[in-house]
There are 2 protein chains.
Amino acid sequence: MTEPLLRDILQNHGLKATSQRLTILDYLMTHETHPTAEMIHADLTTISLATIYNTLEKLVDVGIVIVIDTQKDGKRHYDFYGEPHYHIINSRTNEIIDADNFDVKPLFEAARQASGLNITGFHIEIYGVDPDDAK
Amino acid sequence: MTEPLLRDILQNHGLKATSQRLTILDYLMTHETHPTAEMIHADLTTISLATIYNTLEKLVDVGIVIVIDTQKDGKRHYDFYGEPHYHIINSRTNEIIDADNFDVKPLFEAARQASGLNITGFHIEIYGVDPDDAK
DNA sequence: AAATAGATTAGAATAATTCTAAAGAGGGAA
DNA sequence: TTCCCTCTTTAGAATTATTCTAATCTATTT
């Protein structure tokens, strides 16, 4: 991704555009691997692990990135959240697939009715298994 | 809850009905607090923390209990999952509300189409804020 | 260019969770 | 009922993902 645009994304969300943040954001936008902090650090070795964590926290706070806890490996996975989407997780392989072929408006309305809250976001994980996996 | 039924729940899922498991399952079924392992241990002091963790893992494996990661306190919260439902989380207070006024069939069908997997379960967390909270 | 609020860093600290290996107990078989 | 075997429980140690510290650096504003 071109640098000026990444810069704008950060600044539009009130974050200083440091070189580390530009690098990490670019990494997240160009990888569909749903990486952990450690995985990012393994690829971006010049950035300290503390900065990886700090930056991810900021990006999550402003809503650019979301956290997925697959609850299988005890680590948090991070996902660039440019367009709202949901996740389909293969229970055998733990592979995470992004999907957006579902309209969340009815769900939001149901949640508003049930809680009285103004709905601000959602996380959806759907679990499945390969049809030809034995049982 | 009456003991024989708890026993059946465990045995129907292939788990031995130990007294610790009966106690923990009863606790989960009678508390809507979405407790952490530590919270359960604080109330059931005679059961070791390792057993709390071991038991929760088993209950999650067989699908009686699910994990909610609110991603706010770094701890896993556990929820008896007798009837499928989704969660509405107040972003200010981190309160977790159970709700079931939503039909997941269309979502399951969308996920099946997107992934080709046989869908086995779901986790949905909807985030919201109190309408009269300032901004 | 200077000022400053915020960011980065290495390394230490924290704490949730998992592991170990020894002792105990369900539940099926006879 | 009693035996037996496999699975469970336990205390405490170990692990490790994440957070903290406090010193140094830098992006942005004036």
Side-chain angles (χ1 to χ4, degrees), chain A residues 3-27 34-62 64-78 94, chain B residues 3-27 34-62 64-78 94:
Chain A
E3 231 253 28
L5 292 181
L6 289 172
R7 252 191 146 55
D8 290 344
I9 292 174
L10 290 171
Q11 293 182 335
N12 289 343
H13 287 88
L15 299 179
K16 279 190 185 173
T18 68
S19 74
Q20 292 89 342
R21 287 177 181 174
L22 292 167
T23 304
I24 292 169
L25 181 56
D26 186 53
Y27 183 94
H34 306 89
T36 64
E38 189 55 61
M39 287 162 68
I40 298 170
H41 186 239
D43 284 341
L44 307 179
T45 52
T46 62
I47 303 176
S48 78
L49 186 54
T51 296
I52 307 269
Y53 275 108
N54 289 341
T55 299
L56 289 171
E57 181 182 27
K58 291 285 186 188
L59 296 176
V60 170
D61 281 350
V62 302
I64 300 177
V65 165
I66 64 172
V67 180
I68 310 167
D69 177 6
T70 65
Q71 303 172 353
K72 288 303 182 67
D73 62 5
K75 295 166 193 162
R76 300 216 264 252
H77 292 251
Y78 294 87
N94 291 326
Chain B
E3 233 252 34
L5 292 181
L6 290 171
R7 243 187 158 60
D8 289 345
I9 293 174
L10 290 171
Q11 294 183 335
N12 288 344
H13 288 86
L15 298 178
K16 276 191 187 173
T18 67
S19 74
Q20 292 88 343
R21 287 177 181 171
L22 291 168
T23 304
I24 292 169
L25 181 55
D26 186 53
Y27 183 93
H34 306 90
T36 63
E38 189 54 61
M39 290 163 67
I40 298 170
H41 186 239
D43 284 341
L44 307 180
T45 51
T46 60
I47 303 176
S48 78
L49 186 54
T51 296
I52 306 272
Y53 275 109
N54 289 342
T55 298
L56 289 171
E57 181 182 29
K58 291 286 186 185
L59 296 176
V60 169
D61 281 351
V62 301
I64 301 178
V65 165
I66 65 172
V67 180
I68 311 166
D69 178 6
T70 64
Q71 303 173 353
K72 288 303 182 63
D73 61 4
K75 295 166 194 162
R76 300 217 263 253
H77 292 251
Y78 294 87
N94 291 326

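Quick note: numbers below take in every heavy atom, side chains included, and nothing from hydrogens, waters or symmetry partners. The chains referred to below are lettered A, B, ... by the order of the sequence lines, with proteins before strands, and numbering in each begins at 1.
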Asks: If we only count heavy atoms from C-beta on, is the A:I68 to A:H34 side-chain gap below 4.5 Å?
Replies: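 Result yes, sub-4.5 Å side-chain heavy-atom pair found.
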Asks: Starting at atom CG of A:L22, determine the distance to atom P of C:dT8, rounded to an integer number of angstrom.
Replies: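 Taking CG of A:L22 and P of C:dT8, I get 10 Å after rounding.
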Asks: Taking the side chain as every heavy atom from C-beta outward, state whether A:T18 and A:L22 have any atom pair closer than 4.5 Å.
Replies: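 No - every pair of side-chain heavy atoms lies 4.5 Å or more apart.
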Asks: Taking CG from A:N54 and P from D:dT18, how many angstroms apart are they, rounded to a whole number?
Replies: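 So the CG-P distance, A:N54 to D:dT18, works out to 13 Å.
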Asks: Atom NZ of A:K58 to atom C1' of D:dA27: distance rounded to whole Å?
Replies: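 In whole Å, D:dA27 C1' lies 14 Å from A:K58 NZ.
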Asks: What distance do A:Y78 atom OH and A:E57 atom CD have between them, rounded to the nearest 0.5 Å?
Replies: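 Rounded to the nearest 0.5 Å, the OH-CD separation comes to 8.5 Å.
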Asks: Which parts of nucleotides 10-17 of chain C does protein reach within less than 4.0 Å, heavy atoms only, written one letter per nucleotide 5' to 3' as B for base, S for sugar-phosphate only and - for none?
Replies: B-----SB
Asks: How long is the line joining CG of A:L10 and C1' of D:dA27, in whole Å?
Replies: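 So the two atoms are 12 Å apart, to the nearest Å.
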Asks: Check the distance between D:dT16's C1' and A:H41's NE2 and give it to me in whole angstrom.
Replies: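 Rounded to whole Å, this separation is 15 Å.
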Asks: Give the rounded distance in Å between these two atoms: CG of A:D8 and P of D:dT28.
Replies: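 That distance rounds to 11 Å.
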Asks: Is B:L10 close to B:K58 at the side-chain level, that is, under 4.5 Å between some pair of heavy atoms?
Replies: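 Counting from C-beta outward, B:K58 and B:L10 never come under 4.5 Å.
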Asks: Check DNA chain D against residues 11-21 of chain B and give the residues with a non-hydrogen atom under 4.0 Å, in numerical order.
Replies: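 Within this stretch, B:K16, B:T18, B:Q20, B:R21 sit under 4.0 Å of the strand.
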Asks: Between A:T51 and A:I47, is there a donor-acceptor pair closer than 3.5 Å when you use the side chain of the first and the backbone of the second?
Replies: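 Checking the backbone N and O of A:I47 against the side chain of A:T51, no donor-acceptor pair under 3.5 Å is found.
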Asks: Measure CG/B:L59 against P/D:dT9 and give the value in whole Å, please.
Replies: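 One finds 10 Å between P of D:dT9 and CG of B:L59, rounded.
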Asks: Would you confirm whether A:R21, through its side chain, and A:K16, through its main-chain N or O, come within 3.5 Å as a donor-acceptor pair?
Replies: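 Yes, A:R21 side chain to A:K16 backbone: donor-acceptor pair under 3.5 Å.
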Asks: For the pair A:H77 (side chain) and A:V67 (backbone), establish whether a donor and an acceptor sit closer than 3.5 Å, ignoring hydrogens and angles.
Replies: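 Not at all, since once roles are kept as given, no pair shorter than 3.5 Å links the two residues.
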Asks: Expressed in angstrom and rounded to an integer, what is the separation of A:D61 atom CG from C:dA7 atom P?
Replies: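 That distance rounds to 11 Å.
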Asks: Looking at B:D8, is its backbone amide N or carbonyl O close enough to the side chain of B:N12 to form a donor-acceptor pair, meaning the two atoms are under 3.5 Å apart?
Replies: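 Such a contact is found between B:N12 side chain and B:D8 backbone.
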Asks: What's the shortest heavy-atom distance between B:E38 and B:L49, and which atoms?
Replies: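 Heavy atoms only, the tightest pair is OE1-CD2, 3.8 Å.
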